[in-house]
Amino acid sequence: MPCITRFAPSPTGLLHVGNGYAALRCKQWAEQHRATMLLRIEDIDHTRCQPHFADAMLEDLQWLGLSWPEPVRKQSEHLADYQHALTRLRQMGVIYPCFCTRKSIQLELLRMGGAPHREDAASHYPGTCRHIPVTEQERRMATESSFAWRLDINRATAMVGEPVWFDEQGTPQRDTIPHDVVIGRKDIGVSYHLAVVVDDALQGISHVIRGEDLKESTAIHRLLQQLLGYPSPLYIHHPLLKNSAGERLAKRIGSTTLSSLRNMGVCPQRLRHYLLDGCDQLWPFNEGEDAAIIAMLGTPDKR
Ligand code: GLU
């Protein structure tokens, strides 16, 4: 069996140094295991992804010294594959349309006695639309401008069993899936979860190397694989690069981008070495500390 892994960024902004770290961890694993590392552009969400970020991503990763086989799979070019999987799940009766809005979910959680925070609407769906009769579902799907497809976790696990995934050592891992997750949306077609599972199967991915922030999604991915009859890769979740305040680097908090390091004159070999061997998962530089970055990672061999 060939060992194949993938790095699968979403072009929602410029890659930051934490993304570079994740790409290097994936490539390092591939080199150590004589595996192939594919690059996949996860751009199904046209409301957030932009083609110029995808182009910049390729440039930044090449600058960092990474390479990958061509062609690169771009999810936006394969929407029919994901729709096909969604249709199969629909035929199996394990997904249902949900007409709730974030606001209505929050109100429902309040009514049920909780005191929901804003983000609870995304992670604690109370199952409001799970038992709407089929005729009513169809009527609302035809008339309402937007709805989501949710995976009925109880039905799905009753059909194929609790999801169990395996880490690199082959140790079984079980996590509870907290609620009926969204796997399709009227506006963007399918969600990240379904697209990732379809692609990993179509691309023959044997090992998924990704950040520990995605660990909680792995049981969902395994359940979808079981439903669709796909094999399961082994999963390795690595720690993420953090700043000196202990936060994960993220686009949202304006973390240092790879292109800004390049423009500053950072040496990609030294950056690579620093990220993999020297920094202990810490990016200690704050905004404006360009001089310190150059002192540490600048190009000594610039002729
Ligand atoms: N596209 C996802 C992200 O950028 C990664 C998906 C995965 O590695 O499974 O966070």
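Indexing begins at 1, ligand by ligand and atom by atom, following the structure's order.
Think of F166 as one node in a network of Ile, Leu, Val, Met, Phe, Trp and Tyr side chains linked at under 4.5 Å; its network also takes in V164, L234.
Within 4.0 Å of ligand 1, protein heavy atoms belong to R6, A8, P9, S10, E42, Y192, V196, R210, L214, listed by chain and number.
Between W165 and H237, a ring centre-to-centre spacing shorter than 6.0 Å is recorded.
Ion pairing between a basic and an acidic side chain is recognised when a charged N comes within 4.0 Å of a carboxylate O; D60 and R262 show such pairing. A salt bridge links D81 and R73; the closest N-O separation between the charged side-chain nitrogens and carboxylate oxygens is under 4.0 Å.
Residue L24 forms a side-chain contact (heavy atoms from CB on, under 4.5 Å) with just one option from L271, L66, N19, and that option is L66.
Under the 3.5 Å distance criterion, with hydrogens and angles disregarded, a donor-acceptor pair is assigned to the side chains of R40 and Q203.
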